[in-house]
Structures are given as structure tokens and as C-alpha cells.
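Input: one structure, supplied below.
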Amino acid sequence: MMRLDKFLVATHTATRSEAKNMIKRGRIFVNDEKATSSDIKIDESQDVITIDGNVINYSRYEYIILNKPAGFVSATKDNTCQTVMDIINSPNKNLFPVGRLDKDTEGLMLITDDGALAHNLLAPGKHVDKTYYARVEGNVTEVTVDAFANGVIIDGDYMTQPAKLDIINSGDISEVRVTIHEGRFHQIKKMFLSQNMKVIYLKRLSMKNLVLDDDLEIGNFRKLTEEEINDLKN
Ligand code: URA
């Protein structure tokens, strides 16, 4: 059991003063009954709390998917560049990006304050599949597909784990999808460089079961659904 205003703050729906206002304005319902005061007690595991008719799920943590634009660094702070956190612009200061995308890479970025989940997705040996779309200068062929499947040498002496390469188009500029489950610095770019090819555009499409939606425009973000959160945890 907890106070309604505390629930609204804990679910990052509102600050304490905003919570009061929302309740005053009749925007919050508890099990189909309009909430009349901030200090009523609710059962966060049983009661259905809504704001403007939308259910507020109780979770200690926040989970956000961002379609990262180029030009932003995936860090919480940077002295010279704008960060993905500047886009989210949340009052929740515990949020951080899970893993890194290069400044010029676009696409799926998970942002959360759930450290245990981040650890499970990133810890060496626990790395999950990440799929990227890439445009590459060079003619990607079955030779490249085999090289990626067998592992290539990057960083002087590191042999990459098997990666799956799907050719969408090949020519002077090729279009591909690559799936890796490691996360070394500049990994995809270095893997292509090992084959004398240059990545000229890179976008992350998915991470484990989490897929970037087609209609989440670049620079936009949304909360994960309960189903997406459960899939990431399992
Ligand atoms: N590999 C790269 O080279 N860059 C990224 O941003 C992600 C994977």
C-alpha cells in the first residue's frame, strides 16, 4: 500500500506538486473512481490507476526506447557534445543509456535506471544479439558473409565471435544487416575495415527482443511496454 501521490512520483508520472494538481483537476482515477485527494492509500499491486484514461503501470524503474539521431553521444554527460539524455530531458537523474552507439550512429538506444537489467544485457559473456543496418562503401559478397561468420581480426589481435551478415544490396555501395552479440568499441566499423570496406551509415535496429518501431521517428522516444520489459528481462 502507498499514498496516491507517492505512487505518481514513484512511477515518474509527476513530481509531488504536479501530482497534487493532477488529482485536483480530476485526471487521476483509482479503479474507475475519481481520486479526490493525494493522501488516499492505494494498493500498487492490485489497484488500477489511470491518468486521463491511460493505465499507469507500477514499476520501480523507467525503460525508454529512443531512436537516436546522429550528432548525439550516448553518455549521461559530455563537456562538448549534446547527449542522448538531453533529448530525453527527464527529471529522473538516474537514467542512463544501456551500452554505446557512436556519435554518428542512429537507431535503437535503450535508456533506463535499472542497473541490474543493464548489467544483464551488457556484461561480458551475457551480451545479447544486436542487429544493425549498414551502408558500406565496397562490394559486400558471400566472401564477406563467410568472413563474418567465421570471425575477423580487429584491434590487432582480437578475433570476433561469429556474426550474421545479410546482404540487402551489393554494389559500389552495399546495404546489409549485421547481427553481433559483442559490443566492442566501433565493432561493426572495424569488422568492415578488416575487409577493406568503410561503413558510411549505421543504424541499430534491435537489441535482444526489443525492436525499433518503424513509426518511432528519429529523435523520438517512448516508454517500453510491459511485454517489452519482460522480454528484455527473460
Ligand atoms: N558498431 C560500431 O562501429 N558503431 C556503433 O555505434 C555500434 C556498433
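The figures here come from the full heavy-atom set of this structure, side chains too, leaving out hydrogens, waters and symmetry mates. Remember, it's 1-based here, ligands and their atoms both numbered in the order they're listed.
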*Just jot down the ligand 1 atoms closer than 4.0 angstrom to any heavy atom of Thr105, in number order.*
4 (N), 5 (C), 6 (O)

*Any N or O on Lys189 sitting closer than 3.5 Å to an N or O of ligand 1?*
yes

*So which bit of Ile188 gets within less than 4.0 Å of ligand 1, heavy atoms only: side chain, backbone, both or neither?*
both

_Under 3.5 Å side-chain donor-acceptor pair for Asp129 and Thr131_ = no

*asked:* Are any of the N/O atoms on Arg100, whether in the backbone or the side chain, positioned under 3.5 angstrom from an N/O atom of ligand 1?
replied: no

*Per-atom contacts, ligand 1 versus Tyr132 - under 4.0 Å to a heavy atom*: 7 (C), 8 (C)

*If you have a sec, work out which protein heavy atom is nearest atom 4 (N) of ligand 1 and how many Å separate them, to one decimal?*
Asp102 OD2, 2.7 Å

*Within 45° of the six-membered ring axis of Tyr201 and under 6.0 Å from that ring's centre, is NZ or CZ of Arg135 located there?*
yes

*asked:* Only heavy atoms of Gln187, strictly under 4.0 Å: list the atoms of ligand 1 that pass.
replied: 1 (N), 2 (C), 3 (O)

_Quick one about Asp47 and Asn31 (side-chain donor to acceptor, distance below 3.5 Å, no hydrogens or angles considered), yes or no?_
yes

*Shared hydrophobic cluster, Val199 / Leu165 (ILVMFWY, side-chain heavy atoms < 4.5 Å)*: yes

*More than 12 foreign heavy atoms under 6.0 Å from CZ of Arg3: is that the case here?*
yes

*May I ask whether Phe185 places a heavy atom under 4.0 Å from ligand 1?*
no

_Side chains of Ser45 and Asp43 only: does a donor on one sit below 3.5 Å from an acceptor on the other?_
yes

_Can you tell me which portion of Leu202 lies within the under-4.0 Å heavy-atom range of ligand 1? Options are side chain, backbone, both, or neither._
side chain

*asked:* When you compare the side chains of Asp172 and Asn139, does any donor N or O come within less than 3.5 Å of an acceptor on the partner?
replied: no

